[in-house]
Structures are given as C-alpha cells and as structure tokens.
A.B. asks: 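My structure is below; once you've seen it, I'll send some questions.
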Protein chains: 2
Amino acid sequence: MTEGQAIADKTPRTERGRRTLRKLLEAAAQEFGTRGYHDAAITGITARAGVALGSFYTYFESKEAVFRALVKDMSHAVRSHVAEAVKDAPDRLTAERTGLAAFIAFTRKHPELYRIIEEAQFVAEDVYRQHYLTFVDGYRRNLSAARGRGEISEGPDELRAWMLIGMSVFLGMRYGIWEQDLSPDEVADETIRFISEGLAVR
Amino acid sequence: MTEGQAIADKTPRTERGRRTLRKLLEAAAQEFGTRGYHDAAITGITARAGVALGSFYTYFESKEAVFRALVKDMSHAVRSHVAEAVKDAPDRLTAERTGLAAFIAFTRKHPELYRIIEEAQFVAEDVYRQHYLTFVDGYRRNLSAARGRGEISEGPDELRAWMLIGMSVFLGMRYGIWEQDLSPDEVADETIRFISEGLAVR
DNA sequence: CCGAAACCTGAGTCAAGGTTCATGTTGAGG
DNA sequence: CCTCAACATGAACCTTGACTCAGGTTTCGG
C-alpha cells in the first residue's frame, strides 16, 4: 500500500547505503564473472565487497535478483561503449568497423562482463532477450537510415541486424576472449571487407 | 592398473546395460534441455528413464559427467545432420544455403539439444570449445577448397568460418527457437544473398 | 545348472549454500 | 544531544540435491 515499488523498495536512502550498494554490485560482477552463476556464492560476493552476509539482503531480494540487476547494467555498459565509439562515423560501413573493433576491445578488457550477459541466457532468459532485442532495434534503425541514404544495398533490416550481431558475438568470443592472435582492428578490417563485398567472385 | 580407462570403466558389458545407458542419456537430454544444468536433478533423470537413482552412478561418475557426454553426443548430432544435408551441393554457396536451412530446422526440431550445447559454455568450457573448434575446422577446409575452385573470393578462411558460424547460431536462436515468423528456407535465402553480395551498393 | 560378474535398488548420508533474524551501530534531522 | 530510521552484523536455520552403500536380482559363459 505504501511502497513505491511492487513489493519492497531496496533503494538506499543515504550516501552510505549507495556506497555499499556499489561495492556489492562490483563484487557481484567479479564473483559471477569469474566463477559463473552456479559456483558463485553470496558469501563470495560479500567477502569481496567487505561487508557482512546479511547486508546483501538489505539491497537484493535474492541471488537471482543481483544477477538480473547486473545483466541490465552490463547490457547498458556494452551498448553505450559501442555507441560512443561509433558516434561520429561518417557512414555505416565505417561505423560497422569501429563498432566491431570497440566491441572486441570491450570483451578483451572485460571478459567477465561478456560472460555474465551470455550466461543470462540460462539464468534469466527474459533479460537476455531484452538485451538483444534492444540491440537489434538500434541496429535495425541504423541500417534503415543508411539504406535511406543509399549507403548500403536494399535488404531486410532485422535479419541483417541478427546476422551482424551474431558475427560480432562470436568474433568477440574467439578473438577477444579465447585467443588474441589478431588485434581488434585487424579482425574488424577483414570483417568489414566481408560484410561489404561478400563471398561472390566478381 | 587393470582398467582400460583412466580411472573407472563404466561402459556397459551386456545388452541390458546398453539399453539402460541409452535410456539414461535420452532422459538426461530431456532433463537438461528443459530445466537447464542448474535446475536439472539426477532424480529427475532417473525418474524420466524409469530406473533407480543408484543406477545412474553405474554409468556416470557425476552430474557433470553425463552433461559432458551429452554435449559430445549433441555436437556430433548437429554436425552430422548439417553435413548430411549439404553432402551433394553443387557449389559452396548452395552448400551454405542448405546447411543453414538444415541448421535452423534442427534448432527448431530439437531446441533442448541446442540449449545443451550452448550451456556447455558455462558448465564444461573445454567441450564447448572443442565443439566449435571442430566445426570451424571443417568449415575452413570447405572454404579453402571452394576458394581453390574459384567459387568464392579470396579471404581469410578461419575468420570467415567464425563469422558464418556466429551468424548461423544467432539466426538459429532467433528464427529457430525464439520466434518462427520466417521459415528456415526464407532465412537461408536472405542470408545467402547477404553472404554472397554483401552490403555495398553496386 | 552354477557361480561370478554385471547390473539394479532406494533409503540414508552429508555438505553446501541461500535465506532469515535478533541484536547492534551509524548518522542526519529536529 | 537525542532519536529514529537506515544500515550492518554473522550465527543459526533449513532446504535441496549430489552421492554412497549394503543388500538384492539378472545375465551369461562354461
């Protein structure tokens, strides 16, 4: 009757509270990122954060709740990181190249964050879907605009968005996380050649 | 000193044993596929298989062990399914189209199997890597041969393989599992246009 | 047929770890 | 300063579920 949220409002009201919440979120990112959802323990999170076990439940309903909050954070972080890198590209293909390079660089710098988003597929499917649906939506808009400006050929925006995202994710995994035998720029350059020209002989 | 395997050989020696093992593997695929690794229970597997809890440990060391065995199975199943569909394609681009359509059809028919392979990334990373490394290897070989025959343009085989696989996986997820608003053939047709011609205006 | 190996059974064991709670402590407004 | 809401603490609770084991039953070669 009186609370702002649906059930219980765990938003901190003082500066101290906000500080603790931030510590917990960072610790949770570490814990989930390195050990995975299953092996991650609340005591592991609170130990990293340097707070007592009980404090965790001052800020989160459950283990799954932190995870969900974290995925939303990471989702936003990745998208804004890429958006920032791309923001003043002269045309779509250049944007693709810098965006992909930025994405691979991101997975390389924060492999834990990448892992958390992907693991969400099996822990909190709805936020995982939301992440990619949002991503696709932006992508689609960009492709449509570029098509309007005559920068790229005609074709189905949504399907193209999914293809490009799938490529990026796997390239990020392979060349960002698994093995770094090519730099993000090298990967991006070769990829853009493919995206632009295709496989057909001309 | 006497066993064939490293520690304990759990291979069944009688027909009855092989039958039970098969039942357990099928039940495990169901259980892991629908509930995910974390929520899956050994009792769930044995109940589905119609055998006693203890029998499970006659055939597997642990929960993780079944899962690993299952991933290897599924990996082989997917690859042979696609290989079969592609086996007498006249050229590489046709092979790409039929292969993709077969892959999407597969994810649509066996969403649980697809899920198991992907979840392996977080449960048994080594077999997950092995799966894609094997996949890439075959792909690379095919691309190289096609390049030799002049069917496709010059370009880095391995990187192209990763791009194409990433695309397929995401298209399989989106159009095979999440929503089926396009048929596998429609998706494959549009995709092959992109793969072949690229985004550049000509 | 017989005996041993293979296989089956399910109640019981056990550790792990998520969640609760009763009891402090802190700090900002009055 | 005083007070109360916000926040902190960690021992204890309790469910869950992987795994063991002692005692059968089935199969199959000889």
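Reminder, nothing fancy here: chain letters follow the sequence lines and each chain counts from 1. Atoms considered below: every heavy atom in the structure, side chains included; atoms not considered: hydrogens, waters and symmetry mates.
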A.B. asks: Side chain of B:S62 only, please: which of D:dC19, C:dA6, D:dC7 is the nearest?
C.D. replies: D:dC19
A.B. asks: In whole Å, I'd like the distance from the CD atom of A:E31 to the C1' atom of C:dG17.
C.D. replies: 12 Å
A.B. asks: Please tell me whether A:D185 and A:S183 have a donor and an acceptor in their side chains that are separated by less than 3.5 angstrom.
C.D. replies: no
A.B. asks: Figure out the CD/P separation between A:E15 and D:dA8, and round it to whole Å.
C.D. replies: 12 Å
A.B. asks: Below 30° counts as parallel, above 60° as perpendicular, anything between as tilted: where do the rings of B:F32 and B:F67 land?
C.D. replies: perpendicular
A.B. asks: Could you state the OH-C1' distance from A:Y57 to C:dT23, rounded to the nearest angstrom?
C.D. replies: 19 Å
A.B. asks: Please tell me which of the listed nucleotides, D:dC7, C:dC8, D:dG10, lies nearest to the side chain of A:L53?
C.D. replies: D:dG10
A.B. asks: So, B:K87 and B:E84, do they make that salt bridge, N to O below 4.0 Å?
C.D. replies: yes
A.B. asks: Determine, stepwise, if the pair A:D189 / A:R193 fulfils salt bridge (Lys or Arg N to Asp or Glu O under 4.0 Å).
C.D. replies: CA-CA 6 Å; A:D189 282 345; A:R193 193 160 312 152; over 6 Å; no
A.B. asks: Looking only at side-chain N and O atoms, does B:T20 come under 4.0 Å of OP1 or OP2 in C:dC7?
C.D. replies: no
A.B. asks: Please report the distance, rounded to the nearest Å, between CZ in A:F60 and P in D:dC7.
C.D. replies: 13 Å
A.B. asks: Can you find a side-chain donor-acceptor pair between A:R140 and A:S144 that sits under 3.5 Å?
C.D. replies: no
A.B. asks: For B:R16 and for B:H38, find the nucleotide of DNA chain D with the closest heavy atom, then tell me which residue's nucleotide is more 5'.
C.D. replies: B:H38
A.B. asks: As a test of reading the structure: which of D:dC19, C:dC8, C:dA6 is closest to the side chain of B:K63, going by heavy atoms?
C.D. replies: D:dC19
A.B. asks: Once you round it to whole Å, what is the distance between P of D:dC19 and NZ of B:K10?
C.D. replies: 10 Å
A.B. asks: Rounded to whole Å, please give me the gap between CG in B:L24 and C1' in C:dT9.
C.D. replies: 13 Å
A.B. asks: For B:D39 and D:dA18, what is the distance between atoms CG and P respectively, to the nearest whole Å?
C.D. replies: 10 Å
A.B. asks: Tell me which of A:T14 and B:V51 sits closer to the 5' end of DNA chain C, going by the nucleotide each one is nearest to.
C.D. replies: B:V51
A.B. asks: Can you tell me the distance, in whole Å, between the CZ atom of B:R19 and the P atom of C:dC7?
C.D. replies: 12 Å
A.B. asks: Using the closest heavy atom to pick a nucleotide of DNA chain D for each, name whichever of B:G54 or A:G17 lands nearer the 5' end.
C.D. replies: A:G17
A.B. asks: Considering heavy-atom distances to DNA chain C, does A:S55 or A:A40 have its closest nucleotide positioned more toward the 5' end?
C.D. replies: A:A40
